[in-house]
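Here the structure is laid out as structure tokens; the discussion comes afterwards.
Along the sequence shown, the residues carry numbers beginning at 1.
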Amino acid sequence: MPQSLWEEVTRKRSDIRNIHKELDRKVGSSECQQSCQEGEGHEARVSETEEKLDVTVGSMWIMAGKVKWVTDIEKSVLINNFEKRGWVQVAENEDWNFYWMSVQTIRNVFSVETGYRLSDDQIVNHFPNHYELTRKDLMVKNIKRYRKELEKEGSPLAEKDENGKYLYLDFVPVTYMLPADYNLFVEEFRKNPSSTWIMKPCGKAQGKGIFLINKLSQIKKWSRDSKTSSFVSQSTKEAYVISLYINNPLLIGGKKFDLRLYVLVSTYRPLRCYMYKLGFCRFCTVKYTRSTSELDNMFVHLTNVAIQKHGEDYNHIHGGKWTVSNLRLYLESTRGKEVTNKLFDEIHWIIVQSLKAVAPVMNNDKHCFECYGYDIIIDDKLKPWLIEVNASPSLSSSTASDRVLKYGLVSDTLNIAVPGGMVPDCRWNKSPPKEVLGNYEILYDEELAQGDGADRELRTRSSQSLGSKGGRSRDPGRTISTSWK
């Protein structure tokens with residue numbers, strides 16, 4: 001209970017006793033007879049009054065211990081989770097403990113001009129500069145910097161093959177920023193003029209503004225359409241990334257798909273992250289083809305539900321989605337269990353390395369946690385590629401099973417972020433017991449790993465390819481079975 005509330009209760013109890021002590025001195029008086037029933041002692045009267053006060057105090061204690069929440073994202077999977085816990089909704093300008101906010105709002109909260117200081121009993125669902133991972137251009141920039149730093153340190157992780165490709169850190173398609181890297185892109189394009197590239201605006205989501213190109217003239221047309229006659233003037237153009245298109249995706253039923261995986265980070269320094277077991281695949285509605293005549297057909301190339309739901313063949317019952325567990329069963333039956341385990345090991349490796357890449361530049365504010373939506377594409381050689389990371393993965397439900405999954409995702413996230421559903425204290429060590437993890441599994445715990453003298457991937461990766469180790473070992477900082485540690 002807040003100190004001020006406790007002082008008020010103590011004062012009221014003291015006042016009651018003082019009143020009855022005064023009555024005791026006036027036993028037999030009319031004042032005494034009016035205050036206490038005949039035959040009833042004054043101590044009994046005191047106790048009765050205090051019992052009533054205790055009921056009031058109990059109610060005040062309960063209200064004081066309830067989490068006060070705010071959100072600017074009106075999604076039922078959020079609100080239902082808050083209400084199920086008995087939390088109390090308040091307005092943004094009132095005292096709150098938990099704020100599930102949009103990325104626009106978090107920018108204002110931590111802004112130098114408009115921001116404010118958070119207290120120890122307040123937590124939010126984004127890190128201040130989450131965009132270091134979730135903006136397409138900054139994610140690539142940070143991963144490139146991370147690789148160069150490891151290279152300078154002489155780390156075996158940064159080892160390259162005879163063609164100059166990273167053996168263990170080659171998990172992002174070749175990517176350039178436009179307009180800044182235009183000349184570098186042209187040089188790369190001319191090395192393989194038959195390649196296809198994909199253009200994406202850095203600050204948009206849900207497939208907006210994305211298109212494919214296979215000719216330099218298409219870039220020039222884009223430049224003209226963007227009302228800029230040259231690539232020199234960068235301030236007037238929206239920033240884009242252009243990446244080598246994965247034109248050999250793994251197909252199931254002839255259709256392209258990607259994986260949406262959820263990863264929760266409770267702290268970056270030390271890094272502690274959790275993998276949600278119930279991710280899903282998102283399928284295109286039209287069969288895949290490399291035909292250049294279909295480059296503009298986004299129903300062939302983009303898996304975003306926001307795009308596919310407008311297709312003629314979109315299935316509203318299953319929403320073009322498949323659970324990760326179904327994918328795993330399919331791959332085990334068609335490619336074998338060992339190969340499938342290796343694939344998922346590589347996916348876990350990619351996620352941890354991407355988080356390590358941004359950890360040094362991330363503002364590790366103690367009031368923050370974040371649930372990211374990772375998008376992974378698997379090629380026909382079963383090599384996974386990191387496409388992008390979303391700061392606000394969709395909480396909309398396109399199907400009944402989708403709603404169940406996302407309700408559970410929010411529930412398990414809250415159980416880790418707000419232990420016991422009590423008023424948070426951001427000074428806690430953010431290492432909840434295994435019993436509360438639900439469908440989360442700890443993916444990496446830097447503190448535990450270092451405490452065991454670990455981070456053994458720096459030694460094991462150089463001596464073998466990803467996941468090819470004979471016996472599968474368990475890292476002390478992980479609970480997900482893996483062979484890359």
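Donor-acceptor pairing under 3.5 Å is recorded for the side chains of His126 and Glu370. A donor-acceptor contact closer than 3.5 angstrom is absent between the side chains of Glu153 and Ser155. A side-chain donor-acceptor contact under 3.5 Å links Asp72 and Thr105. Using modelled atom types, one finds a donor on one side chain and an acceptor on the other under 3.5 Å when comparing Tyr245 with His301.
Looking at Lys148 and Glu151, no side-chain N of the basic residue comes within less than 4.0 Å of a carboxylate O on the acidic one, giving no salt bridge. In summary, Lys141 and Asp137 do not engage in a salt bridge, as defined by a charged side-chain N under 4.0 Å from a carboxylate O. Under 4.0 Å is where a charged nitrogen must lie from a carboxylate oxygen, and between Glu338 and Lys342 no such pair does. The pair Lys160-Asp170 does not meet the salt-bridge criterion, since no charged nitrogen lies less than 4.0 angstrom from a carboxylate oxygen.
A distance below 6.0 Å separates the ring centres of Trp69 and Phe82.
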(request) Given side-chain hydrogen bond (donor to acceptor under 3.5 Å, both in side chains), test Glu441 with Tyr276 step by step and report yes or no. (result) CA-CA 6 Å; Glu441 291 180 294; Tyr276 200 62; over 6 Å; no
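A perpendicular orientation is assigned to the rings of Trp96 and Tyr116, their planes being inclined by more than 60° (bins at 30° and 60°).
Considering only residues two or more places apart in sequence or on other chains, Asp412 meets the salt bridge (charged side-chain N to carboxylate O under 4.0 Å, His left out) condition with none of them. Shown here are the salt bridge (charged side-chain N to carboxylate O under 4.0 Å, His left out) partners of Asp120, two or more places apart in sequence or in another chain: Lys366, Arg427.
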